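Heads up: the structure comes next, in structure tokens.
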Amino acid sequence: MAEPFRMFTSKVVPLNAENVDTDQIVPARYLKVTDKAGLAEALFRDWRFEEDGSLKDPPFVLDEPGMAGRQILLVGDNFGAGSSREHAPWALTAWGIRAILSTGFADIFRSNSLKNGVLPIVVSPETHGRLWDLVEHDPDAQLTIDLAEEGVMLPDGSTIDFTIDPFAKRMLLAGTDELGYLLSKDEDIAAWEAAHPPRIDTLAGTR
Amino acid sequence: MAATSPRPRTIIDKIWTDHVVSQDPGAPAVLAVDLHLVHEVTSPQAFTGLRERGLTVRRPSQTVATADHSIPTTPRNLPMLDMAAAAQISRLEDNCQEFGVPLHGIGSPSQGIVHVIGPQMGLTQPGMTIVCGDSHTSTHGAFGALAFGIGTSEVEMVLATQTLLQRDPKTYEVRIDGRLAPGVSSKDIILALIARIGVGGGTGHVFEYRGEAIRALTMEQRMTICNMSIEGGARAGLIAPDDTTYEYVHGREYAPHGAAWDAAVERWRRLPTDDGATYDKSITIDANALEPMVTYGTNPGMGIPITSRVPAPQDEADPAAKRALERALEYMDLQPGQAIIGQRVDVVFVGSCTNGRISDLRLAAAALKDRHVADGVRLMVTPGSDEVKREAEAEGLDEIFKAAGADWRESGCSMCIAMNGDQLAPGQYAVSTSNRNFEGRQGKGGRTFLASPLTAAASAIAGVVTDPRTLPGIETLAAVGGR
């Protein structure tokens with residue numbers, strides 16, 4: 001269960017790439033874990049590290065001076081394409097990312113992020129361009145993410161509005177998860193099951 | 001009259017409505033899941049979650065597990081050398097045992113890639129909702145099922161409640177008119193679609209593939225197309241069931257039998273999209289104009305007809321696309337404007353949930369019969385399931401592959417995801433029948449050309465990327481049957 005998502009202020013990690021796929025976010029060889037721990041080291045592994053474990057030279061953006069501790073990722077369109085691995089948001093949160101700004105997210109990645117307290121914020125191409133200009137001009141610019149008000153506050157005091165699925169917002173703000181909600185629907189589910197006999201019996205062969 | 005007739009609906013809308021359990025105002029629908037497929041990589045944390053909350057699996061009889069992603073494809077009597085993978089598989093076995101989930105794991109005759117065994121056992125049926133912690137769950141859409149990949153949190157939700165929270169998807173009509181020429185396959189249809197709309201083109205939508213070319217395809221060919229819906233950004237893609245579908249499903253182990261079969265077919269015949277139903281988006285592709293496709297870049301949208309040249313960044317107007325192309329060509333070490341035919345190949349991989357079924361192996365074997373893999377090229381053939389392997393061996397395909405110099409493996413995801421040690425070395429080029437050409441996908445530093453089984457076989461023989469239409473007797477070859 002995630003912590004309630006509160007307003008926060010952070011500098012930005014800018015990653016200038018589109019269609020970043022989940023194989024880049026966490027390479028498949030790191031998927032042999034049976035828990036969620038330790039994935040920060042796997043995050044963008046092959047973009048960050050040489051074969052011997054040393055950092056690339058020049059370093060990937062996450063490892064540039066002053067990037068550690070930043071909680072906002074600014075990235076190009078269709079972030080999180082590809083596989084359904086929830087290891088991607090697990091690794092991002094393990095590193096410290098709590099909000100991602102892009103013009104678009106892949107469906108499964110967006111869904112997985114919301115379940116792990118990572119806020120995917122979709123902005124228009126114009127706004128995206130404005131944010132790029134901002135961080136290029138001032139790499140230490142601070143943004144404030146206010147989920148309750150659905151706004152990103154810029155250093156000049158202006159606000160970029162965004163919209164988010166109201167249900168996802170409610171879940172994030174309360175820090176509750178969808179499983180709790182589904183469990184509360186037990187009566188509905190039981191009624192539906194009573195009216196709809198199962199279409200399959202995967203245990204048939206073993207009975 | 002029009003006012004009294006029901007609103008025409010798409011098959012997507014029909015399956016969706018059939019499965020909505022309830023919906024609170026402002027909330028997503030609680031969607032019932034008919035079949036939940038589980039594998040070793042995306043399930044351990046979900047089972048842990050159940051244990052921590054003291055929950056059980058609500059419907060073990062609608063759940064089925066296999067081990068496919070991290071298992072070796074070396075002979076099964078050899079010990080597993082990868083301790084992390086072995087531990088993950090052993091965890092799956094323990095979890096299935098503890099929670100009563102049927103497992104078709106290592107050693108079971110029905111083991112295989114999860115998206116191969118579902119249809120093979122008759123578990124995949126029209127009109128169902130099917131989910132799995134795997135993005136290629138869209139494969140099952142070939143049967144007219146609403147099938148999509150989910151994350152591990154959702155795996156836990158489905159295990160616990162046999163439902164999911166979902167927003168009503170948008171619909172995207174993908175019409176493929178005309179007929180494919182010999183040597184052009186269903187893989188080329190889907191690669192052409194993704195090249196056209198891009199890897200994010202279907203985001204937020206479910207594809208419905210329709211049209212004359214789709215109707216002419218076998219079930220296995222349809223699965224190849226639906227499999228890669230996710231590569232076009234769509235979480236699901238489906239094809240309305242027809243007689244081809246029913247013929248494939250009929251008689252399979254978990255399919256309905258007797259009177260239940262007749263009732264099921266009657267129900268399934270009502271699934272296809274009604275005349276006059278509308279879609280949120282539409283695209284039409286002319287199959288007559290398609291060539292074999294091959295990717296040159298680092299996402300599945302970077303594909304071209306095989307006789308074309310690698311695009312040049314300077315021709316890209318959009319700065320982001322230009323930058324992406326530059327980066328892709330650098331990673332692939334390809335020159336702008338070079339022909340893709342004739343490009344060196346080190347490894348050829350035939351397998352995966354995209355193209356690891358018996359008809360795929362038959363096509364590759366037909367191309368390789370009485371020929372040999374080029375010097376210096378490694379051809380790896382990995383059947384999609386134990387059943388596919390047995391069938392191939394009964395037909396003597398393994399002997400054809402071995403005589404051609406190929407490596408005949410056990411079933412699994414293998415070099416498609418390269419988790420199990422089957423992988424490219426840095427800098428190697430592969431023609432692969434799998435679904436993703438992302439950087440490092442088939443091994444760190446490896447370079448992937450996605451293509452059809454026929455293109456893969458032709459390239460293995462020549463040692464360079466090769467147009468399968470140049471294979472002797474391609475008309476006969478391309479007609480090698482499947483189901």
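This structure is a prediction, so every number in the text was calculated from the model and none was measured. Order of the sequence lines fixes the chain letters, A, B, ..., with proteins taken first and strands second; residue numbering starts at 1 for each chain.
- Of the listed residues (A:Val33, A:Asn112, A:Ile200), the one with the most heavy-atom contacts under 4.5 Å to chain B is A:Ile200.
- Proximity to chain A (any heavy atom under 4.5 Å) is shown, for B:Ile89, by neither the backbone nor the side chain.
- Contacts of B:Ile230 with chain A are made by side-chain atoms alone, with heavy-atom separations under 4.5 Å and no backbone atom involved.
- Note on ring orientation: taking the six-membered ring where Trp is involved, the planes of A:Phe60 and A:Trp47 are tilted (angle from 30° to 60°).
- The contact between B:Thr63 and chain A is made entirely by backbone atoms, counting heavy-atom distances below 4.5 Å.
- Taking chain B as the reference chain and counting heavy-atom pairs below 4.5 Å, the highest number among A:Lys36, A:Lys115, A:Glu193, A:Glu18 is found for A:Glu193.
- Side-chain contact between B:Val199 and B:Pro300 is present, with heavy atoms from C-beta onward closer than 4.5 Å.
- Interface check for chain B: of the options A:Asp188, A:Leu182, A:Asp35, A:Asn78, the most heavy-atom pairs under 4.5 Å are formed by A:Leu182.
- Of the N and O atoms on the side chains of A:Arg130 and A:Ser158, at least one donor lies less than 3.5 Å from an acceptor on the other residue.
- Both the backbone and the side chain of A:Ser83 come within contact range of chain B, with heavy atoms under 4.5 Å apart.
- Neither the backbone nor the side chain of A:Asp77 comes within contact range of chain B, judged by heavy atoms closer than 4.5 Å.
- For chain A, the nearby parts of B:Glu439 are the backbone and the side chain; heavy atoms of each come within less than 4.5 Å.
- For chain B, no part of A:Ala37 is nearby; none of its heavy atoms comes within less than 4.5 Å.
- In this structure, chain B has a heavy atom under 4.5 Å from the side chain of A:Gln24, while its backbone stays farther away.
- Neither the backbone nor the side chain of A:Phe109 comes within contact range of chain B, judged by heavy atoms closer than 4.5 Å.
- Only the backbone of B:Val20 comes within contact range of chain A, with at least one heavy atom under 4.5 Å from a heavy atom of that chain.
- The most heavy-atom pairs under 4.5 Å with chain B, out of A:Glu178, A:His87, A:Arg45, A:Arg29, come from A:Glu178.
- Contact annotation for A:Lys185: only side-chain heavy atoms (C-beta onward) come within less than 4.5 Å of a heavy atom of chain B.
- Only the side chain of B:Leu55 comes within contact range of chain A, judged by heavy atoms closer than 4.5 Å.
- Between B:Leu103 and B:Ser108 the shortest side-chain heavy-atom distance does not fall below 4.5 Å.
- With salt bridges taken as basic N to acidic carboxylate O contacts below 4.0 Å, none links B:Asp134 and A:Arg85.
- Each of B:Thr298, B:Thr48, B:Leu123 has some count of heavy-atom pairs under 4.5 Å with chain A, and the biggest count is that of B:Leu123.
- For the pair B:Arg91 and B:Phe47, the NZ or CZ position fails the cation-pi test of under 6.0 Å to the six-membered ring centre and within 45 degrees of the ring normal.
- Looking only at side-chain heavy atoms (C-beta outward), A:Phe44 and A:Leu62 come within less than 4.5 Å of each other.
- Most heavy-atom pairs under 4.5 Å with chain A, from the set B:Ala160, B:Pro28, B:Ala85: that is B:Pro28.
- Between chain A and the residues B:Ala320, B:Ala324, B:Ala418, B:Ser43, the most heavy-atom pairs under 4.5 angstrom are made by B:Ala320.
- Between the side chains of B:Thr66 and B:His39, no donor-acceptor pair of N or O atoms lies under 3.5 Å.
- The backbone N or O of B:Ala86 sits nowhere less than 3.5 Å from a side-chain atom of B:Ser70 that would complete a donor-acceptor pair.
- When heavy atoms are compared at a cutoff of 4.5 Å, B:His104 does not approach chain A at all.
- The most heavy-atom pairs under 4.5 Å with chain A, out of B:Arg59, B:Arg58, B:Met121, come from B:Arg58.
- Contact count against chain A (heavy-atom pairs under 4.5 Å) is highest for B:Val41 among B:Leu35, B:Val41, B:Val64.
- Taking 4.5 Å as the limit, every side-chain heavy atom of A:Leu101 sits out of range of all side-chain heavy atoms of A:Val75.
- Heavy atoms of other residues, nucleotides or ligands lying less than 6.0 angstrom from CD of A:Glu50 number more than 12.
- Residue contact with chain A, scored on non-hydrogen atoms closer than 4.5 Å, involves the backbone and the side chain of B:Arg235 alike.
- For the pair B:Gln162 (side chain) and B:Met157 (backbone), a donor-acceptor distance under 3.5 Å is absent.
- The number of heavy-atom neighbours closer than 6.0 Å to CZ of B:Arg51, taken from other residues, nucleotides and ligands shown, is above 12.
- B:Ser153 and A:Glu86 share a donor-acceptor pair across their side chains, judged by distance under 3.5 Å alone.
- In summary, the side chains of B:Gln166 and B:His19 do not present any donor paired with an acceptor at a separation below 3.5 Å, with no hydrogens or angles considered.
- Of the atoms belonging to B:Asn299, it is side-chain heavy atoms, and not backbone ones, that fall under 4.5 Å from chain A.
- For the options B:Glu40, B:Glu154, B:His69, heavy-atom pairs under 4.5 Å to chain A are most numerous at B:Glu154.
- With a threshold of 4.5 angstrom between heavy atoms, B:Asp18 approaches chain A through its backbone and through its side chain.
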